[in-house]
Amino acid sequence: MSSSRRQYPFHLIEPKWQKTWEEQQAFRAFNPGESVPEGHPFGIRYDLSGKIASAETLPPKFYILDMFPYPSGTGLHVGHPEGYTATDILARYRRAVGFNVLHPMGWDSFGLPAEQYAVKTGQHPRVTTEANIANFTRQIKSLGFSYDWSRELATTDPDYFKWTQWIFLKLYNSYFDPEWNKATPIEFLEDALSEQPKFKNKWQENPFLAGTHNAYVKMSAKEKELVRRRTLDNKRLAYVSEAPVNWCPELGTVLANEEVIDGKSEVGGFPVIRKPMRQWMLRITAYAEKLLADLDTIDWTDSLKEMQRNWIGRSEGAEVVFEIDGTRIRAEEEYEKVTVFTTRPDTLFGATYMVLSPEHKLVRNITTQAQRQVVEEYQKLTTSKSDLERTELAKEKTGVFTGSFATNPVNRQRIPIWIADYVLASYGTGAIMAVPAHDERDFEFAKKFDLPIVQVVEPPAGKDWQGFTDDGVAVNSDFISGLPTQEAKKQITKWLEDRRLGKKTINYKLRDWLFSRQRYWGEPFPIIWKKDAAGNLYHEALPESALPLLPPSLEDYKPTTDGRPPLARAKDWLNLPDGSVRETNTMPQWAGSCWYYLRYTDAKNAQSFVGKEAENYWMGTVAAVCDRRNDGADTAPLQKITPGVDLYVGGTEHAVLHLLYARFWHKVLFDLGYVSTAEPFYKLVNQGLILGEDGQKMSKSRGNVVNPDDVIGEYGADAFRLYEMFMGPLQDTKPWNTKGVEGVYRFLGRVWRLFVDEKSETAFEQAETTAQSKDELLDLILLDGAIAEIDATPAQLKTLHACIKKVTEDLDGMRFNTAISAMMVFINEAITWQTKPLPVMKTFLQLLAPFAPHLAEELWARLHSTFGQTAPSLGYAPWPKFDATLLVESVIEIPVQVNGKLRDVIKVSVNATVAELEALALANEKAKPYHEGKTIKKIIVVPKKLVNIVAA
RNA sequence: GCGCGCGUGGUGGAAUUGGCAGACACGCCAGACUUAGGAUCUGGUUCCGCAAGGAUUGGAGGUUCAAGUCCUCUCGCGCGCACCA
């Protein structure tokens with residue numbers, strides 16, 4: 001702690017106002033149907049004091065959301081308050097402008113660290129989590145953010161995860177209908193799979209359901225029994241799959257694709273291997289197209305949209321069917337077939353071999369006796385590799401021949417079938433046609449194993465055709481020869497479709513979401529397992545009335561090495577009286593964050609995950625009437641109401657995790673009619689990283705971590721907030737600099753001294769050394785005598801209104817750093833004033849209030865009381881407007897250039913004509929030497945901007 | 001390798017979108033007040049030059065009366081994806 005003198009008594013001011021705001025519930029947002037307490041500042045501004053609010057009487061909504069934090073044991077780091085300060089400034093600004101602002105905070109509190117701590121110490125994760133939440137709450141409140149704490153939520157709270165489980169049941173009890181192109185209650189499919197459908201009239205026009213029904217009724221009784229459950233379970237949006245998954249032995253759990261980076265776990269960086277396990281999956285792939293297309297409807301950065309597009313990985317192409325030689329004995333039999341996916345069907349004539357992924361199910365059938373041993377060895381080698389090894393060793397192509405051949409459908413050519421691990425089982429069909437001439441990987445492979453390379457695309461002149469992968473003109477390709485690539489694709493796809501040898505296909509990289517974890521500290525699945533008459537296990541959903549399903553208490557939270565979840569240890573919890581058994585997996589941490597923004601709109605609702613009216617008001621566009629304020633201000637800043645969350649601010653690390661998952665859940669809820677919009681987050685901004693003072697990423701090992709508590713202790717919350725915003729643009733990565741904090745701290749000190757009488761401050765400082773109550777201490781502070789109820793001079797008004805204009809425009813554009821510099825310019829000017837007109841001083845405090853709310857409130861209150869006025873609530877005082885006429889100069893400075901070089905600056909009337917400017921410039925003594933004796937070719941005059949004399 | 005973004009003083013960053021480059025702040029220098037200054041206030045501070053003047057937005061070209069801003073090439077940095085057929 002530095003021993004330097006305090007710039008102003010923030011240590012008294014800040015706790016005082018935080019307490020006042022909390023007692024007043026000053027920043028509580030009101031839903032339609034809620035009653036606004038008598039005397040609440042929001043109610044006073046909108047004439048709702050003591051009344052019941054309604055969608056008609058409330059001002060337009062503005063929903064400003066922060067990505068809620070995981071309450072870790074280490075507390076807040078300086079990155080958290082960066083986004084929180086930005087949103088808080090905007091929340092306060094929007095309140096002043098005239099919106100009903102929803103600005104909530106909560107806790108993404110399920111997570112691994114609390115569980116790992118429990119494994120080590122035996123302390124229940126809930127105890128750890130609650131302690132961490134308490135610490136985070138203290139830290140966040142010490143920054144004076146205007147959150148509506150009445151809406152606080154935690155994903156670990158049973159009242160919350162009850163509804164997370166409820167949404168899971170909705171996923172479980174829905175399927176994606178291909179005809180209606182949306183999530184649909186599974187009752188429809190169940191109905192179609194029954195003898196006498198009850199609501200056939202609702203779906204008989206749906207070819208998918210009608211077809212399912214027609215096929216079903218033709219089946220035998222025994223078939224029906226088998227098909228019914230299997231069909232339903234295979235169509236659910238939440239389904240069970242037995243497939244190779246990402247198993248992380250170190251963490252003792254499986255992970256989603258999105259949580260594996262370069263073959264290692266995103267959390268901890270531990271190796272991940274492929275292991276076949278029975279797991280719950282969510283059918284996010286059904287939404288691939290909507291998740292992609294709807295990116296065009298939202299206001300996110302291009303880079304973020306691009307990340308999501310890449311992750312979804314849409315590619316258009318064709319599936320082509322190849323027959324395998326020697327797989328029929330008699331002529332009337334069908335050949336065994338392999339389907340490949342290609343984005344370049346136009347190169348089919350150049351397919352000289354075929355490659356299956358080592359895991360492809362046909363490999364066993366087609367491998368010849370002679371090749372069996374090498375093929376099996378290769379398969380073994382592949383499976384033993386972790387994903388990490390597989391990608392690391394990918395530099396050199398490997399593979400083996402199966403001994404079999406396929407027939408190229410376009411030219412009946414016999415081509416060898418290989419297996420190689422450069423073909424992935426999980427993408428496309430797990431098999432490719434290899435066109436070595438026009439695909440880099442195939443080219444490499446063909447060269448290594450000496451396979452034929454045939455040119456079928458002619459590149460533009462001057463380029464080598466070998467390994468040419470771009471568009472060109474088809475050659476050596478029979479009926480498509482001579483066609484440019486795009487046209488050739490169309491023609492050959494049509495040719496294949498006509499002969500049923502292939503079809504146009506769209507493929508996605510996106511995989512279904514692996515949704516179960518072998519952990520303790522997560523939401524238990526509301527699912528039980530039963531056995532049918534034949535002894536086969538099947539699953540069933542718990543009824544909604546059984547929610548929330550709480551996890552059992554355990555002695556030992558340790559994950560297991562065999563993938564059996566820790567919940568399986570709780571025998572009493574596990575086994576139900578009727579012989580059925582509970583699902584023991586838990587949901588991933590992402591589950592709770594998929595819908596928390598919805599819960600905030602109606603956080604205490606016990607009947608429903610969110611009330612319809614509340615959801616519709618905050619997330620919908622229904623209340624799109626902007627002209628509803630009674631303060632007489634014009635409605636220009638009130639843009640059209642946006643669908644969903646108006647502004648969402650958080651880190652970029654969630655680009656393909658939380659943000660993709662939440663969009664998916666939201667779309668399901670939208671399809672099922674539970675929410676009003678197709679997209680949850682209309683505008684999204686990623687705050688940039690804050691680096692250490694040394695320009696490196698902050699980390700304990702580097703010893704460059706800045707603790708917010710220390711900064712607040714030394715400079716105060718207002719200075720901390722201001723510095724976080726003054727560092728640079730919100731979106732940029734930027735280094736921390738403690739000297740910079742001192743800079744904005746000095747600025748706040750100058751603001752203080754602009755308002756406060758110097759002598760009284762000396763008295764205050766002396767009194768501070770003796771023990772007195774804090775409130776009395778602050779009362780020793782008197783206002784500067786120069787502040788008076790007098791008219792402002794034109795110069796003062798101009799300074800003020802230039803500041804209003806800049807701060808307002810910069811807030812609208814989220815340019816906080818330049819808004820602050822505009823206020824610094826104002827203060828640097830105002831500090832020289834002999835007189836300080838009261839209205840000017842008040843207005844400045846309104847501009848400062850969103851940024852440094854404690855200091856602004858203190859001076860605002862003091863200013864009013866000194867002049868015997870009652871202070872209206874600063875947070876709800878209408879935002880000042882600038883008067884453009886006050887900013888107009890009568891005399892302006894105009895640069896005079898000769899051949900584009902500045903030679904002088906002249907003062908002219910703002911109304912100077914082009915001719916006058918020209919004459920003044922030509923007569924200018926400083927410019928003369930540069931054009932005298934030369935021919936003046938022309939004179940560029942831009943009124944109010946500059947004059948440029950072009951001479952040669 | 002592919003995609004996206006960014007390069008401005010000693011430092012963080014400004015620049016109404018083509019019109020006085022360097023706002024604001026840090027740092028540094030000088031001065032005032034002071035027992036003192038790590039408080040405060042005043043002045044200075046892109047570089048070269050005593051000056052006149054010249055140069056200057058990673059580098060090289062181009063368009064334009066005029067370029068940090070637009071175009072082409074190039075170098076460097078950051079982020080994302082990465083055998084996705």
Side-chain angles (χ1 to χ4, degrees), chain A residues 2-7 261-262 301-311 313-315 317 340-344 347 355 357 390-391 393-395 397 420-424 426-435 438-442 444-445 469 507-511 652 655-656 686 688-689 695 723 726-729 731-744 746-747 749-750 753 758 805-806 809 815 817-825 827-828 831 893-905 937-942 944-951:
Chain A
S2 151
S3 57
S4 68
R5 191 188 143 199
R6 251 188 223 103
Q7 289 275 348
I261 293 165
D262 293 335
T301 60
D302 287 338
S303 70
L304 190 58
K305 286 184 180 182
E306 201 55 27
M307 276 194 242
Q308 292 224 337
R309 286 195 194 104
N310 287 341
W311 192 259
R314 182 186 199 270
S315 54
V340 303
F341 173 73
T342 177
T343 55
R344 293 297 298 271
T347 62
V355 188
S357 67
R390 226 169 130 162
T391 42
L393 300 172
K395 287 152 199 156
K397 292 273 179 295
D421 66 3
Y422 83 89
V423 174
L424 307 173
S426 56
Y427 183 75
T429 61
I432 62 152
M433 64 178 213
V435 184
H438 307 294
D439 181 283
E440 263 176 60
R441 298 146 300 176
D442 299 346
E444 236 177 88
F445 192 82
T469 57
N507 241 303
Y508 300 92
K509 278 198 270 182
L510 185 68
R511 300 272 83 87
T652 186
V656 291
N686 287 128
L689 223 55
Y723 177 64
F726 189 61
M727 288 167 85
Q731 297 87 340
D732 289 7
T733 299
K734 46 217 173 270
W736 183 268
N737 178 5
T738 299
K739 291 284 189 191
V741 189
E742 288 173 13
V744 293
R746 271 201 286 271
F747 161 69
R750 281 206 300 280
R753 291 192 294 275
E758 228 177 294
K805 181 173 193 282
K806 182 79 177 135
E809 287 172 355
R815 294 179 296 267
N817 54 334
T818 48
I820 293 166
S821 90
M823 290 188 286
M824 288 172 166
V825 169
I827 287 295
N828 290 346
I831 211 121
E893 293 189 333
I894 294 286
V896 176
Q897 298 181 342
V898 179
N899 289 332
K901 290 202 181 214
L902 181 71
R903 295 304 172 189
D904 199 7
V905 176
K937 290 165 106 181
K938 57 174 151 176
I939 301 175
I940 309 283
V941 179
V942 184
K944 297 183 191 178
K945 285 281 188 224
L946 59 52
V947 181
N948 187 11
I949 301 166
V950 187

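Order of the sequence lines sets the chain letters (A, B, ...), proteins ahead of strands, with each chain counted from 1. Keep in mind it's a predicted model, so treat the numbers as computed, not measured.
- Look at CD on E440(A): it is 12 Å from C1' on A82(B), rounded to the nearest Å.
- The CE atom of M307(A) sits 12 Å away from the P atom of G5(B) (whole-angstrom rounding).
- Aromatic ring orientation, Y422(A) versus F445(A): tilted (interplanar angle from 30° to 60°).
- Residues D442(A) and I432(A) come closest through the heavy atom pair OD1-CD1, 3.5 Å.
- At a cut-off of 3.5 angstrom, the base of C65(B) holds at least one donor-acceptor pair with the side chain of N948(A).
- With rounding to whole Å, M727(A) atom CE is found 21 Å from C24(B) atom P.
- Under 4.0 angstrom from either OP1 or OP2 of U40(B) there lies at least one side-chain N or O belonging to Q7(A).
- The minimum heavy-atom distance linking S357(A) with V423(A) is given by the pair CB-O, 3.1 Å.
- Between K734(A) and the phosphate of G12(B), there is no side-chain N or O to OP1/OP2 separation shorter than 4.0 Å.
- Base pairing analysis places C2(B) opposite G80(B); the two distances defining the Watson-Crick or G-U wobble pair are each below 3.5 Å.
- Atom CG in N686(A) sits roughly 12 Å away from atom P in G80(B) (whole-Å rounding).
- Remark: N817(A) is in phosphate contact with A14(B), judged by side-chain N or O atoms under 4.0 Å from OP1 or OP2.
- Note on K305(A): every side-chain N or O is 4.0 Å or more away from OP1 and OP2 of G5(B).
- If you measure from atom CG of D302(A) to atom P of C79(B), you get 20 Å, rounded to the nearest angstrom.
- In a base pair of the Watson-Crick type (N1 to N3 plus N6-O4 or O6-N4) or a G-U wobble (N1-O2 and O6-N3), with each distance short of 3.5 Å, U40(B) is matched with A32(B).
- Here G27(B) sits opposite U45(B) as a Watson-Crick or G-U wobble pair (both hydrogen-bonding atom distances under 3.5 Å).
- Within the 4.0 Å cut-off from OP1 or OP2 of A25(B), at least one side-chain nitrogen or oxygen of R750(A) is found.
- Counted within 6.0 Å of NZ on K305(A), heavy atoms from surrounding residues, nucleotides or ligands total more than 12; the atom is thus considered enclosed.
- Taking 4.0 angstrom as the limit, T818(A) places none of its side-chain polar atoms (N or O) nearer than this to OP1 or OP2 of A23(B).
- In this structure, Y422(A) does not reach the A85(B) phosphate: none of its side-chain N or O atoms is under 4.0 Å from OP1 or OP2.
- With a cut-off of 3.5 Å on both pairing distances, the Watson-Crick or G-U wobble partner of G19(B) is C65(B).
- Between K945(A) atom NZ and C20(B) atom P the separation is 8 Å, expressed in whole Å.
- Looking at K397(A), its side chain comes within 3.5 Å of the base of C83(B) through a donor and an acceptor atom.
- For the pair E758(A) CD and C41(B) C1', the interatomic distance rounds to 10 Å; values are reported in whole Å.
- Under 4.0 angstrom from either OP1 or OP2 of U40(B) there lies no side-chain N or O belonging to R6(A).
- For R309(A), no side-chain nitrogen or oxygen approaches OP1 or OP2 of G3(B) to under 4.0 Å.
- Taking only side-chain nitrogens and oxygens, R753(A) comes nearer than 4.0 Å to OP1 or OP2 of C41(B).
- Here A82(B) presents its C1' atom at 11 Å from CG of L424(A), a figure rounded to the nearest Å.
- Between N828(A) and the phosphate of A25(B), there is a side-chain N or O to OP1/OP2 separation shorter than 4.0 Å.
- Here the closest heavy-atom approach between residue Y427(A) and residue S315(A) is recorded as OH-OG, 2.8 Å.
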